[in-house]
2 protein chains.
Amino acid sequence: MASDQTRSAILAAAERLYADRGFGDVTLRDIVAEANVNLAAVNYHFGSKDELIAELFVTRSIQTNRERLNELKAAEENGGGRASIEDIMRALVGPTLRGCLGPDREGSTAARFMIRASIESVPPIRRIKNREVDHLRKFAAAMRRAMPASNDTELYWGLHFALAMAHHTIREKERLLRLSEGKCDLDDVRAIIDRVVTVSVMALTMGDVPSKPALRPVVVHGRLTRQDL
Amino acid sequence: MASDQTRSAILAAAERLYADRGFGDVTLRDIVAEANVNLAAVNYHFGSKDELIAELFVTRSIQTNRERLNELKAAEENGGGRASIEDIMRALVGPTLRGCLGPDREGSTAARFMIRASIESVPPIRRIKNREVDHLRKFAAAMRRAMPASNDTELYWGLHFALAMAHHTIREKERLLRLSEGKCDLDDVRAIIDRVVTVSVMALTMGDVPSKPALRPVVVHGRLTRQDL
DNA sequence: TTGCATTTCAAACATTTGTATGAAACTATC
DNA sequence: GATAGTTTCATACAAATGTTTGAAATGCAA
């Protein structure tokens, strides 16, 4: 068998299994069984289990980052070199949300894998995620161009909150669905992106935050029971 | 030795080690060494490793939920039976943010443990988190009372985004610090709570989201390299 | 003290898991 | 078709890890 076939089979099987059952529950033996290859093939082609996971995650991350930057570039060219803050935020959260939500997501192993990576966060993935700051700086720069009057602190908080809403929606979509008893439509990706973008832009343009005294809670000491949960 | 002492020593040691090194890196042998008890004590007192983790997480969750509800109750009594939406959001995100951020957090093992639980999400914790919806419903009810004109969908999205900003700030505080090169002050917990509350209230009171056509990205097919990440 | 229940302890168990090995099969080049 | 390089395969290895066991120690009530 051509060497690339085995490699690809392993990658595909691993992504599918990790997406379905999580990193903790899937062993190399599960993967090679699914891929119909020999156990030793993983170490032969990838060096180690962690490098296999890293390769999966890097590939998908690159794709998402590419989409983001393409969308940003398109928005900048559309605006004659300067994109609107709204379009920048849309370029930031759109690709991820489109990839991980939506009615056709069942067919997308890649999307489910990225959701899983977002939830479980194993060491090889954590290491890669740390490099993501460099990518985000490009968005910070674009935002600075779009809002030259705003100070950097506000800008970073806005960027941070935009990612917060996008990622949390992906991570906790099941809970939101259950909490809202289906009232929040998680299949209408366009509306979700609009919502996240709108709130993000509002957060960015809200001016100074008034610092009002925080309410201190009354701490009640007492025996804790499971009911309290 | 009194049986409770061994129990407590195990709980304390486990919480500390999990907080410092994560669930994946800490074995029962590490825990019993730290607690100066016998290996079999864990299974004797807790039944299994997973039940030990569950007990740790349940205890801390109960505490947070108590603080939240106390703060909500105080706000409602302050407002003559009906709390303002702002105070409700503050009661929702305040306890968690105060617990997990701030300059004195180094001393708080409990806080670091909860951060870790938020990042890693092991099976026994995931199972417990699913019950959290019941707790959140109480906040949804309070919000409904505070904003009777608002529809449920908007309400749930606002609640969801508030938690998104709070949890994401806790989870990704290191990255935000690095991205902003220290400009975002993650020790000023009061300001962070104000910021999250302000944005949440804005999100809740913003009316209908205009659904404008989303910008479709130009998908570029090409060879991916690590540089693209 | 005696007797019974609880708790501790050292040791062993039983798996699971990622990795390594060396021979065999295969592929491509000359 | 011989040879060298690559890939596959069955098998073994070594280490880690949660759990169990049965005896010893301890605590406690009568």
Side-chain angles (χ1 to χ4, degrees), chain A residues 1-58 113 116-117 120-128, chain B residues 1-58 113 116-117 120-128:
Chain A
M1 190 193 281
S3 112
D4 272 3
Q5 279 183 39
T6 302
R7 248 187 87 90
S8 307
I10 292 171
L11 284 169
E15 185 167 48
R16 186 152 14 107
L17 288 180
Y18 284 143
D20 285 343
R21 290 160 39 193
F23 296 101
D25 277 354
V26 175
T27 70
L28 287 189
R29 282 167 178 81
D30 294 331
I31 293 172
V32 298
E34 181 85 358
N36 275 311
V37 300
N38 188 269
L39 174 59
V42 174
N43 288 279
Y44 178 77
H45 285 283
F46 298 93
S48 72
K49 182 197 182 186
D50 277 10
E51 287 174 87
L52 166 62
I53 294 177
E55 171 143 352
L56 280 170
F57 185 71
V58 166
F113 172 81
R116 188 65 77 168
E120 287 198 21
S121 176
V122 287
I125 289 183
R126 255 200 302 275
R127 278 192 287 274
I128 295 165
Chain B
M1 190 194 281
S3 109
D4 271 4
Q5 279 183 35
T6 302
R7 249 188 86 91
S8 308
I10 292 172
L11 285 170
E15 185 167 47
R16 185 151 15 106
L17 288 180
Y18 285 144
D20 284 343
R21 291 159 39 192
F23 296 101
D25 276 355
V26 176
T27 70
L28 287 189
R29 282 169 177 81
D30 294 331
I31 293 172
V32 298
E34 181 85 358
N36 274 313
V37 300
N38 188 270
L39 173 60
V42 174
N43 289 278
Y44 177 78
H45 285 284
F46 298 93
S48 71
K49 180 198 184 186
D50 277 11
E51 287 174 87
L52 166 62
I53 294 176
E55 172 142 349
L56 280 171
F57 185 72
V58 165
F113 172 80
R116 190 62 80 167
E120 287 199 22
S121 176
V122 287
I125 290 183
R126 256 200 300 276
R127 278 192 287 274
I128 295 165

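Quick caveat, the model's predicted, so the values are computed rather than measured. Residue numbers start from 1 in every chain, and the chains themselves are labelled A, B, ... in the order their sequence lines are given, proteins ahead of strands.
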Q: To the nearest 0.5 Å, tell me how far A:Ile128 CD1 sits from A:Ile53 CD1.
A: 9.5 Å

**Q.** Distance, rounded to the nearest Å, where A:Leu39 contributes CG and D:dC13 contributes P
**A.** 15 Å

Q: Measure the CD-CZ distance between A:Glu55 and A:Arg7 for me, rounded to the nearest 0.5 Å.
A: 4.5 Å

Q. 5'-most contact on DNA chain C: A:Asp30 or A:Asn38, nearest heavy atom basis?
A. A:Asp30

**Q.** Integer-rounded Å distance: D:dT7 P and A:Asn43 CG
**A.** 15 Å

Q: Would you indicate what A:Ala40 reaches in the nucleic acid, counting non-hydrogen atoms under 4.0 angstrom: base, sugar-phosphate, or nothing?
A: base

Q.
Please verify the inter-ring angle class for A:Tyr18 with A:Phe23; under 30° counts as parallel, over 60° as perpendicular, anything in between as tilted.
A. tilted

Q: Take atom NZ of B:Lys49 and atom P of C:dT15, then tell me their distance rounded to the nearest Å.
A: 19 Å

(Q) In whole Å, I'd like the distance from the OH atom of A:Tyr44 to the C1' atom of D:dC9. (A) 13 Å

**Q.** B:His45 side-chain N/O to C:dT8 phosphate OP1/OP2 under 4.0 Å
**A.** yes

(Q) So, OP1 or OP2 of C:dT7: does either fall under 4.0 Å of a side-chain N or O from B:Thr6? (A) no

Q | Spacing between B:Phe46 atom CZ and D:dG18 atom C1', to the nearest angstrom | A | 15 Å

Q | Heavy-atom donor-acceptor pair, B:Arg29 side chain to B:Leu39 backbone, under 3.5 Å | A | no

Q.
Please report the distance, rounded to the nearest Å, between CD1 in B:Ile10 and P in C:dT8.
A. 8 Å

Q) Whole-Å distance between C:dT7 C1' and B:Asp4 CG? A) 12 Å

Q: For B:Asn36 and C:dT8, give me the distance from atom CG to atom P, rounded to whole Å.
A: 13 Å

